[in-house]
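Throughout, a chain's letter reflects where its sequence line sits, starting with A, and its residues are numbered from 1.
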There are 2 protein chains.
Amino acid sequence: MARRSEHTQEQIREMVLHAAETIVIEDGFHALTVRKIAMDIGYTVGSIYMVFANMDDLIMHIKARTLDELAERLLHAKADSVEQHIQALADAYLAFAHQHFNRWRMIFDAQHDAPVPEWYQQKIQQVFLIVEAAFRKLCPGQSDEQARLAATALWSGVHGVCVLSLNGSLGRVGSENAQVTVNTLVKSFIQGWRA
Amino acid sequence: MARRSEHTQEQIREMVLHAAETIVIEDGFHALTVRKIAMDIGYTVGSIYMVFANMDDLIMHIKARTLDELAERLLHAKADSVEQHIQALADAYLAFAHQHFNRWRMIFDAQHDAPVPEWYQQKIQQVFLIVEAAFRKLCPGQSDEQARLAATALWSGVHGVCVLSLNGSLGRVGSENAQVTVNTLVKSFIQGWRA
DNA sequence: ACCTGAACACCGTTCAAGT
DNA sequence: ACCTGAACACCGTTCAAGT
């Protein structure tokens, strides 16, 4: 047995990542198991531990990819005014969460007791900085700290609407309604913040 | 073996619930297993299935209890003005989430593929209605639907701040900072909403 | 009727053994 | 060096068998 050398380590790593993402997308985070991944790529469980330290490590890399995809989507959101730009960012965030529900939810689901690695924290920062930049343009007069506070408050808020509306905690609220809720939050907050 | 009759079914049910809550509080949701509960209360695994249908059923009842506790806490939040009342509600929500972190997080963590029972949805409604009531007082002129929208938007937002600040996704944001963020969100939103 | 405990079908992770 | 597959220590859930 063994020593097939049909794929490089890098190829296997990619195969694992891809298979894992497919499982999450189709059947949700809870359906993700090493044994299922191994079966899907035609290797045995042991092989997965050649390319990832453990399940938590693999999960973190899936999440990182999702964050990259999300960041890219946000970067493509353009609008005429700064205020419309922030609205467009919020819309894009909601749309992404809705479209890639299982992967997006996974980002905030998994509780790793292990400390979050530095490279992963940067991925999160990457997303937040996009919003912060928009806020610095909204009120050029105020300090960076103020812009940071506003960005944090509003973006956490937008995230909260996505969480509650998409997981059904808001009662029978559909995604069209989530859109309205997000718009309301953004519009009112910006208006109040400027005052 | 068997037929000890040391406790009634109702007593065992309460013992299970209490033991489960203790495990969640001390070691987190992921540490909750039937076997650990059984050991803690001095019964065997089979006994737990006498009083709860399965793990999901038990989890739902733990969550329901937490929601009851949260609702009661929110009902005790009083203030002079309506605006201060909403701020007090937000503060109370954040404080509860912070103080009972593991149990609070559990409410939004668990993904039951099984449909959420009606009695549980009412528990969630119960919390939301408290906030909606405050909003109806804030702007007496507008329709119930408008008040509902505002309450949903702001409260989802407050929830989002709690989620992101308490799980560390906002970088190294402490809970004092979460307080400031919540206050900012509430204040700006109300101001913008009124305008 | 109440409760046990063994059994079943799963997990993640490790590692000696094969090529 | 690469990969296997059996083993280990866990899961949730069921249910025949005992009192």
Hey, does the side chain of Ser47(B) come within less than 4.0 Å of dT4(C)'s phosphate (OP1/OP2), counting only N and O? yes
At a heavy-atom distance below 4.0 Å, what parts of residues 7-15 of chain A sit against DNA chain C? none
Write down the distance between CE (Met39(B)) and C1' (dG5(C)), rounded to a whole number of angstrom. 16 Å
Could you tell me how far apart Asp57(B) (CG) and dT14(D) (P) are, to the nearest whole angstrom? 12 Å
Using nucleotides 6-11 of chain D, report all nitrogen or oxygen pairs with the protein that are shorter than 3.5 Å.
none

Indicate, with yes or no, if Leu58(A) and Met39(A) share a hydrophobic cluster defined by side-chain heavy-atom contacts under 4.5 Å among Ile, Leu, Val, Met, Phe, Trp and Tyr. no
Set of residues satisfying side chain to side chain contact (heavy atoms under 4.5 Å, CB included) with respect to Ala150(A), sequence neighbours excluded: Phe135(A), Phe189(A), Trp193(A)
Flag, side chain of Gln87(B) to backbone of Asn183(B), donor-acceptor distance under 3.5 Å: yes
Which residue pairs pass the salt bridge (charged side-chain N to carboxylate O under 4.0 Å, His left out) test when at least one of the two sits in residues 36-55 of chain A, sequence neighbours left out? Lys36(A)-Asp40(A)
Whole-Å distance separating the CD1 atom of Ile37(B) from the P atom of dT13(D): 11 Å
Among residues at least two apart in sequence or on other chains, which ones pass salt bridge (charged side-chain N to carboxylate O under 4.0 Å, His left out) with Asp57(A)? none
Counting heavy atoms from C-beta on, name the nucleotide in dG12(C), dG12(D), dC3(C) closest to the side chain of Tyr49(B). dG12(D)
For Glu6(A), what residues pass the salt bridge (charged side-chain N to carboxylate O under 4.0 Å, His left out) criterion, not counting sequence neighbours? Arg4(A)
What nucleotide, of dT4(C), dT4(D), dT13(C), holds the atom closest to the side chain of Asn54(A)? dT13(C)
Spacing of Met50(A) atom CE relative to dT13(C) atom P, expressed in whole Å: 16 Å
Phosphate contact (dT4(C) OP1 or OP2) by Tyr43(B) side-chain N/O below 4.0 Å: no
Just how far, in rounded Å, is C1' of dG12(C) from CD1 of Ile59(A)? 11 Å
Residues which pass side chain to side chain contact (heavy atoms under 4.5 Å, CB included) with Glu10(B), listed by chain and number, not counting sequence neighbours: Thr8(B), Arg13(B)
Salt bridge present between Glu14(A) and Arg65(A) (N-O < 4.0 angstrom): yes
Partner residues of Gln9(A) under the side chain to side chain contact (heavy atoms under 4.5 Å, CB included) criterion, sequence neighbours left out: Met50(A), Val51(A)
Measure the distance from CD1 on Ile41(B) to P on dC3(C) and round it to the nearest whole Å. 10 Å
Residues 78-104 of chain B vs salt bridge (charged side-chain N to carboxylate O under 4.0 Å, His left out), sequence neighbours excluded, gives Glu69(B)-Arg103(B), Glu83(B)-Arg194(B)
Starting at atom CD1 of Ile48(A), determine the distance to atom C1' of dG5(D), rounded to an integer number of angstrom. 13 Å
Tell me, which stems hold DNA chain D, with a stem being 3 or more Watson-Crick or G-U pairs in a row and both distances under 3.5 Å? C:4-8 with D:12-16, C:12-16 with D:4-8
Residues passing the salt bridge (charged side-chain N to carboxylate O under 4.0 Å, His left out) test with Glu132(B), sequence neighbours excluded, are Arg136(B), Arg148(B)
Tell me every residue that passes ring-ring contact (aromatic ring centres under 6.0 Å, His included) with His85(A), counting only those two or more places apart in sequence or in another chain. none
Rounded to whole Å, please give me the gap between CD in Glu6(A) and C1' in dT4(D). 13 Å
